[in-house]
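Have a look at the structure below, then the notes.
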Amino acid sequence: DIEFAIGKVDPLIRAGSCVVLSVPNENTGTDDLVLLVEVRNKDTPPSEFDRVASLIREALSVQFALETPLIVFAEAKTVMVKTTSGKPKR
């Protein structure tokens, strides 16, 4: 599963706090894969996000033959709502 694999890419990513979304791309007429990823440390320097985004893109390519044009990083517990069982709510 993509979300599980992304959660293991780097310790900066909170396990169980990655959501994969399908977003329509009006230019191509297809859907783009967009990721929302919560991070553990709100004081993470921007260069770390670039590094982790590269790791995520590599994992998507190698494990699933997929690409993403957008990875959104968010501070833990600020934007992602979870179900009572702890899974990200869609």
Side-chain angles (χ1 to χ4, degrees):
D1 154 84
I2 296 170
E3 294 165 344
F4 181 76
I6 298 306
K8 292 182 152 196
V9 165
D10 192 89
L12 182 66
I13 300 171
R14 288 187 71 225
S17 295
C18 174
V19 174
V20 177
L21 306 166
S22 176
V23 178
N25 181 325
E26 294 177 10
N27 295 329
T28 63
T30 61
D31 287 352
D32 285 337
L33 190 74
V34 174
L35 281 74
L36 173 60
V37 180
E38 283 191 345
V39 295
R40 295 179 184 278
N41 186 350
K42 68 178 181 176
D43 299 320
T44 302
S47 61
E48 281 296 289
F49 292 120
D50 293 339
R51 181 186 64 77
V52 174
S54 291
L55 293 173
I56 290 171
R57 285 189 169 94
E58 181 179 345
L60 281 175
S61 176
V62 170
Q63 295 179 40
F64 303 99
L66 295 171
E67 299 178 344
T68 181
L70 182 62
I71 300 170
V72 178
F73 291 101
E75 182 180 339
K77 301 179 182 179
T78 59
V79 297
M80 194 177 299
V81 178
K82 294 197 175 184
T83 64
T84 54
S85 65
K87 295 179 182 177
K89 200 175 204 179
R90 306 221 186 305

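Residues Pro24 and Asp31 come closest through the heavy atom pair CA-OD1, 3.4 Å. Between Ile2 and Leu66 the shortest heavy-atom distance is CD1-CD1, 3.5 Å. Nearest heavy atom pair, residue Leu21 against residue Val19, reads CD2-CG1, 3.6 Å. Nearest heavy-atom pair across Ala5 and Gln63 is CB-OE1, 3.4 Å. The shortest non-hydrogen separation linking Ala74 to Leu36 is CB-CD1, 4.1 Å. Across every non-hydrogen atom of Ile13 and Gly7, the tightest pair is CG2-CA, 3.9 Å.
Applying the salt bridge (charged side-chain N to carboxylate O under 4.0 Å, His left out) test to pairs two or more places apart or on separate chains, none has a residue in residues 57-69. Note on residues 1-46: no pairs pass ring-ring contact (aromatic ring centres under 6.0 Å, His included), not counting sequence neighbours. The stretch residues 7-32 participates, sequence neighbours left out, in no ring-ring contact (aromatic ring centres under 6.0 Å, His included) pair at all. Sorted by first and then second residue, the ring-ring contact (aromatic ring centres under 6.0 Å, His included) pairs with a member in residues 34-60 read Phe49-Phe73; sequence neighbours excluded. Among residue pairs with one or both ends in residues 8-40, none qualify as ring-ring contact (aromatic ring centres under 6.0 Å, His included); sequence neighbours excluded.
Proximity of Val72 to Val37: side-chain heavy atoms (C-beta onward) are nowhere separated by under 4.5 Å. Annotation: side chain of Leu33 is in contact with side chain of Val20 (closest heavy-atom distance under 4.5 Å).
Residues meeting the side-chain hydrogen bond (donor to acceptor under 3.5 Å, both in side chains) test with Asp32, sequence neighbours left out: Asn25. Taking Ser47 as the reference, nothing meets the side-chain hydrogen bond (donor to acceptor under 3.5 Å, both in side chains) condition, with sequence neighbours excluded. Under the rule for a salt bridge (charged side-chain N to carboxylate O under 4.0 Å, His left out), the partners of Glu48 that lie at least two apart in sequence or sit in another chain are Arg51. Taking the ring-ring contact (aromatic ring centres under 6.0 Å, His included) definition, one finds that Phe64 meets it with nothing, sequence neighbours left out. Partners of Arg40 by salt bridge (charged side-chain N to carboxylate O under 4.0 Å, His left out), not counting sequence neighbours: none found.
For the atom pair CG (Asp10) and OG (Ser54), the distance works out to 11.0 Å, reported to the nearest 0.5 Å.
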Item to check | Worked verdict on Leu35 versus Leu60 for side chain to side chain contact (heavy atoms under 4.5 Å, CB included) | outcome: CA-CA 11 Å; Leu35 281 74; Leu60 281 175; 4.1 Å; yes

